[in-house]
Structures are given as structure tokens and as C-alpha cells.
Amino acid sequence: MTDILFVKAALPRAGALVLPLAEGFTLSGLAQEADAACGGAVSRGLEAAGFKGRKGQSCTLWAPGGHLSRIVAVGLGPKPDAESAQQAGGAALPLIASEPEAVIAAEGLNAALTAALAFGARLRGYRFDKYRTREKPEDKPKLLRLSLASAEPAEAKAAFQPLSALADGVFLSRDLVSEPPNILHPEEMAERCKVLEKLGVTVEILGPKELRKLGFGALLGVAMGSAREPRMVVMQWRGAAQDAQPVAFIGKGVTFDTGGISIKPAGGMEDMKYDMAGAGTVIGLMGALAGRKAKVNAVGLVGLVENMPSGTAQRPGDVVRSYSGQTIEVINTDAEGRLVLADVLWYARERFRPRFMVDLATLTGAIIVALGHEHAGMFANDDTLAQQLSAAGAATGEAVWRMPLGEAYDKLIKSDIADMKNVGGRPGGSISAAQFLQRFIDTREGHVPWAHLDIAGTAWATKDSALTPKGATAFGVRLLDRLVADHYEG
Amino acid sequence: MAPGPDWEQAGAAGLGALPADETRAVLDATALAPAEAVAFATGAVLGATRAGLRLELLHPAPEAVAPLWHDAWAVAQGVALARGLVAAPGNVLTPKEFGHRLKALERHGIAVQLLGRKRLRQAGFGGLLAVGQGSANPPRLAVLRWAGRIAAPPVVFVAKGITFDTGGLSLKPAAGMEQMRADMAGAAACAGAMLALALRDSPAPAAAVLALAENAIGAAAYRPGDVVTTLSGRTVEIIDTDAEGRLVLADALNYAVRAFRPEAVVDLATLTGAAITALGHHRAALFGNDAPLGATLCAAGEAVGERLWPLPIGAAHREDLRSGIADLRQCAAGPGQPDACHAAAFLREFLGDTPPAWAHVDMAGQAGNPPGLPEGPSGFGVRLLERLVALRFEDAHRR
């Protein structure tokens, strides 16, 4: 774990020095001092490397002189902003991770950008290595202390505080999503939600007995085949007035998805441990909101099940009665996420009457075919909420792309025997899934602004990016924290 | 009800309820406004699945209806042309025959130029020729021009016209292959739109560049792994011979941009299964580089009931097309790819150094009628393009 400090600007006597530089830079401040101490090696080195300060550009100068072991320059792009500062911090981290100490020369940047640099570095420094028991020490990252040299360290530190809480939320989510499915089953995942109690979040856990009593037939049907009991966790953060209507986040938490009787092919099935990433995001988000004491009332609800084939498993052809009373014909037991969400969405709506509802789910393979891995699919019944989410996505780099809803797609899930069926066929597969969910949102009793984020393509990364090492991305934590911060606080 | 799609549906439904042997029907539109009456009649005409039916429209103000009807009739003629082309079987409608049928449009004032294999080879249409080289029926490029009256560069429609798509060496499964005669529905729609513009004497100059080929399996067929030099000079590594549409479009787009220096280019193609997975049969996928053009197309689609939905071309989509041997690969390998986005990212590379406003419509799910309607070709795209021209290109003083 790396300590992040904010200090007065002074040239370090050893270790690494990081120079965040914008396009068209001239060396000044610590960079200029370092250049002088190294006999001009910095300016010559950057020139020789063709370093121009472009976004995403970086350059390492080894043993440049003085007692520094390396100088790392990272580009801030044409005009430094929070986003490019985060990216630069993220880009720098792997280049200094093998040093015990490093200083980032941010004395030329304001407090907010300095905090953004630290935030980027912190996010990129995430590592999930608890199951690597024989890793050689030289292969482990060594960075113990990362100092940000600042003209106003107290302000920068204050600006970093909420971002640090946000990073904690992101890491909580990444930890949950990274855990293997034999360790993280529904019961265990529910237990881990209790860490949020320390932050002031109320955590209620409902087991099979309570869920049966409530009538969660859709969720329980999915859980039937597993030896592991299902759970629903209700998390509440009260940061606003007692009577203020809450915002609600709902997550799909299938801790492992074999597909059930409609079993998946073997190739790639190991990825199905992250079929609980929607729930992972909701839990991380609740941690972030509580950690930074967001002035909002927020509730997070996650439905946790394991989808297994067995003698007691749900069958294709079964009809289940959801908590809403609507009946569902199960055509494909591998379309289980929407069954879980159906009951949790209805419960959230009934109990909390929220200002809006956003659900997240690794719901369909079709969304990957539609959009790839750069955007999550967004379905919404409310243009304002959709615009707010799009803007938050653009600001955080967790991008969403709006997809259509409509009556023609709703018809695809008509059933001959029940109120609806749980799949509508391959064409428009993500859309008919969203239509299914919408039937548990919009009712005669009125309209709740709602958005559904299909994160099947964005929850897991197969390669490193500036803020996220490959693996669990915690997609949605930063996006939804931003949504709340920009529109629903105070 | 709005004068557009709703009254049309009513007209189509009314006609659908007629007994099969009926030869004459009267449409009672006496209570409708002229625009509604025309929509009602349009729906009836487009909904008719048989020939030889005589329809009469009753309306208290025929003089108000007639000019509107003339334009609607022109569009219906275009739709009928497109449907006829799509319905023609693959052994009948070869690229050569497609060219012949397009030639017949000259009597409506459309200039039609056909380029055969020799000319294509001289000019360097490497993409189109590669796709066509496995077939006994050689490829054609058809160029249609409608002069209009406005002195401006034309809007150009570009389309894929694969008269039959076996998939080539990357052969398609047998089940459902018969539907691949409709893999020229984009080209048919553009031809239909040109006819509609000509019949209603549109003032807007328009052109269509249609790449016609049969993607057959054969001894001379192109292979996965081949590298093809396209008309633009860019080299392409072939990954899957069944992703042939983007190759013929690459050449046709590049030709369109160079030959016409157009204000806008819109291409139509039954391009990817991924577009169907993404949006189903109720909306076609829209890509492009120009927000206003895209917005106008979407508006046109809503107005005529040929609906679109925008999808992104992301940096990663272009990145996925990097090739180890050529300038780019034609598609990404393996299942589950965002292939509609990849195809759009691919096409964008062929718009030249100063790309015009461009929109790409992937209508793979729209060539036939959507589920629930009588089976058959839809003529999708004709009305979309015709309405686009009406909304955006017929004002001589625009900009």
C-alpha cells in the first residue's frame, strides 16, 4: 500500500521524480531545478526522446544525475484539466512502482489538478495479489510513499480527501469482483457489505426465509439449483435531511453464472465470476458516497445468487411468480440476471419511492456485440436522467451509450402462458432484456426515472488502461458518484 | 394519429383485410385531411402484396390531394422497384442483369453508367474485384446521376449490392442461405430512391454508386489471408471472406468521394449480423462523422417509419482493425465482436483526405419485413433517402 502525501516543493535527494508536463512546456520550478542539478540532462533527455507533453505520452530518464534514480515525464496534453491530470498520474504509476519513494512535481498546478494526479496514480496502483503465494519480492511493487510537491499542500490534501474515499469505493468494488467464486458466494458477499457500517451505512441482509416470505419468486427460482443460499442486501446512506427522497442503485450479483440447466459452453466460463459486477459497483459506490459524506440519501440494493445446474435447479419452461405479482415463463435459465433484478427493482421501488433508480448488470452478451468494450449500454425511460448519465460518463471516462426502448421491442417478450418470458431472441437481445426490466419499473401507479446500465462489456478489462490495471474495472462507481455529486447533492 | 406512419398502417391494415381475389377497392378518406388521405393511400399501396388491384381514393378535395399524391406515388414506384430487385432470385439477378435493369431507368432522365471487369481493373477497384473473382458472374459498378436543378455538388448514395452471398470460402451455414439473395437490398434501395427523385422531378442533384458483385465460392475465389489493394491505395488484409460488403463499399465510397466531391455521402448496406444483434429488426444502425446529417437521417426515418438508431465508432474499434501485414484488417477475428462498429470504422478509412459529411446505415435486419408482417422484401431505405433529400437538399439557398 502506497502512502500519498502532499508536501512543499523541494527537490528529492533520492528515488524517482515525476514531471507532469503540458504541451509546449518550458521547464520551470522543480523540473528546472532538477535539470540544473543534472547538468541539463533533463532537457537534453526529453528532447532526445521526442517528449512533447502529449496526453498519454511518457518518458523515463534513468540515473539522470544528482542522486535521483530516475526522472519520469508524463504528458498533460494541450491544456491540463482534471481528466488529463488523472491520466498523467495513472500513466506515471507503473513507471515508478519499483521505487520505494517518488515525488510528483505538481507545484505548478492548482490544488484540484494536484489531487487529480494523486487520484489517477492511486487508481492505477491497484493490485489484487492475495492468492499469489510465491511471488518474488522483486516482482512486487515497492512504492511506499508517493509525495505530491505542491505550492498549496493543505488545499491539495483537502481536495484529495473525497477522491481518496472514491478510490476506496473503487477498490472495494474491484476486490469483490476479483475474488474467485468459491470464496465469494452470496453469503460471503453479503457479509462483506458490513464493512460499510464503519462508514455509517445501515446494512440489512435478507436470507431465503425472508425472501420467501416477501414472495421473491423470480430471484429464488434462480438460486434453487445452488447449494449456496441467496441473499439480498439493502444498504442505506443518509447524508441529507431525514425526509429527503433517496436515490436508488440496484445491482445484479450472480456470484457465479454457469447458465444453469441452459448451461454455458466451457470456454471462457471462468469469466462468469464477474457476473456480480453490477452488485460490486453498487457496494463500492455506497462506500464512496458514505466515505466522502455525500449530502444525499442513497440506497443500494443487491440481489445475490449463484446460478447452478443441479437436480433442484430451475428448468426452461418453468413459470415463476415475481415479487410484483407478474408471472414469468423461464425460456432460458441463462437469462437469470433479469429475474434477480425484477424482484429487487420492484422491492426498491415499493419500499423507497426513490427519486430515480439506476441498475447495473452484466446482463447480455449482445451488448458487447452492439458496442464493444468502450461504452456501457444505457437504457432509460427518462431523458433528463439519460443526459445526466451521459455527461457524467464523459467527465469520468466511464462512457455510456444510449440504446433504444420501445413497444416493438417489448412485444418480443410476450409469452403464451405467462405475463412475459425471460428472453426475446438474439435480435435486439440487450433491448428486450431492458424491456423486461422496465416492466418492473413503470406501472399504473406512476413514473420513476430509471436507467439500466448493461455493463457486460465494461466490467472487466483484458488489458491495462491509464486508470485501471487489467481485471475488474469497478465500472460505474466513478460514473454514479459523479452523477450524484453533479445533480443530487444539497 | 399523426399524418405519417399511423395512417399508413391503417391503409395497409385495411388492404390486408380484403379477400384474396378482390380486384377493386375504394378507400374512403372523406373525413381525412389531404396529407392524411395520402398517407392512408400510401399505406394501402405499399401494403399491397399482389398486383392487379385497382384502388380508388374518395376525398372531398381531390385537387388538394392530387399534387401530394403525385409525390407519394413517385416514392411508391421507387419502393416497388427496390422490392422487385430484392425479390429477384440470385440466378436471375446477377450483377450483369442488375446493371441491365438499372439501365432502364434512363427513360426517367437518370444517367446510368456501368463499369465492367476490364474498366474496374484498369481503375484499380481491388476490393470489388476480389469479392467478385470467385463467381462466374463478374462484378459491375453502376453509377446513377440525377442532375436536378440546383447548382451544387450532389448528395451521393453508395450501396452494397451483393446479388448472392454464399460467404465465399468462409462459407455460410446452409440453413437460411436462401435469404442471401437479399444482400443487395442497399443497392436496390438507392436505385429506388433515385427513381423516386426523378419521378417527382426533385430539384436536388443526386447520384448513386452501387457496387454489384456475387460472393461465390470457387477455384478463383479470394481467401482469408489475402491482401488486397483497394481503389484508395490502402491495403487490406482479408480475415473473413464473408465480410465482403465492406470491401465493395470501400471502393464504391472512395470512388464516390473522388468522382463527385459530394456535399454528403450516405451508404446503405445489409452489412453485419451484429447490427441485428444490437438493434433487432425494428431499427437500423446509423454511424457517421457528421451530427447534423445523422440527425436529419434519424428524423427522416421517424417520419417515414424506417427507423434508425445511432451507434458509436470508438477509438478501440479502429484499433481492433490493425493488421500485421497490411494497412488495416477487414474485420476482427473471433465470435462476439462488435462487428457493426468495426465495419463502420473500416469504411471511414476510405473517405479520402478531406472526408465529406458521411452516414452509414447498416440495414442487415431490415431487408425483409419485420416479424409480424407478411414475408417479403421491405424496400427499406427508399423512403428514408427520399425524405432525407426532401428535408435537407432541396433548398437552393441552404447554408
Side-chain angles (χ1 to χ4, degrees), chain A residues 55-56 264-265 267-268 271 364-380 386 390 393-394 397-414 423-435 454 456-458 460-466, chain B residues 5-6 9 176 179 271-287 294 298 301-302 305-322 331-332 334-345 362-373:
Chain A
K55 217 192 236 182
K264 289 177 188 290
D271 287 346
T364 66
I367 203 68
I368 307 177
V369 176
L371 298 173
H373 302 281
E374 277 170 294
H375 293 92
M378 170 176 68
F379 301 82
S390 291
E398 295 191 330
V400 297
W401 189 272
R402 194 165 184 189
M403 296 286 287
L405 291 166
E407 215 184 299
Y409 295 107
D410 191 66
K411 284 191 187 138
L412 298 173
I413 54 170
K414 255 172 104 169
V423 285
R426 194 185 68 100
S430 308
I431 309 175
S432 52
Q435 293 292 160
D454 193 336
T458 51
W460 193 267
T462 53
K463 52 184 189 225
D464 295 337
S465 62
Chain B
D6 291 344
Q9 274 175 18
Q179 292 166 17
L271 207 60
T272 68
I276 307 179
T277 303
L279 296 170
H281 297 285
H282 303 289
R283 287 180 185 272
L286 170 70
F287 299 86
C298 282
E302 295 296 326
E306 297 185 340
R307 293 189 171 83
L308 308 177
W309 191 267
L311 290 180
I313 304 176
H317 297 136
R318 176 62 186 86
E319 193 72 11
D320 292 344
L321 299 179
R322 273 204 201 182
C331 61
Q337 297 285 352
D339 191 42
C341 305
H342 284 154
D362 190 337
M363 47 174 277
Q366 283 69 37
N369 277 333
L373 288 177

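Every chain is numbered from 1, with letters handed out A, B, ... down the list of sequences. Scope of the values below: all heavy atoms of this structure, side chains included, with no hydrogens, waters or symmetry mates.
Contacts between A:I368 and chain B at a heavy-atom distance below 4.5 Å involve backbone atoms as well as side-chain atoms. When heavy atoms are compared at a cutoff of 4.5 Å, B:H317 approaches chain A by way of both its backbone and its side chain.
Of all the heavy atoms in B:P310 and A:W401, the pair that sits closest is O-NE1, 2.8 Å. In terms of heavy-atom proximity, B:L279 sits nearest to A:M403 at CD2-CE, 4.1 Å. For B:P338 against A:L371, the heavy-atom pair with the smallest separation is CB-C, 4.0 Å. Among all heavy-atom pairs drawn from B:T277 and A:A366, the shortest one is CG2-CB, 3.6 Å.
When atom types are taken as modelled, the side chain of A:E374 and the backbone of B:A315 share a donor-acceptor pair closer than 3.5 angstrom. Between the side chain of B:H282 and the backbone N or O of A:G428 there is no donor-acceptor pair closer than 3.5 Å.
Between chain B and the options A:K411, A:H373, A:H375, A:R402, the largest number of non-hydrogen pairs under 4.5 Å is found for A:R402. Your options are B:A275, B:P335, B:A316, and the one with the most heavy-atom pairs under 4.5 Å with chain A is B:A316. Ranking B:G336, B:G273, B:A285 against chain A, the residue ahead of the rest is B:G336, based on heavy-atom pairs under 4.5 Å.
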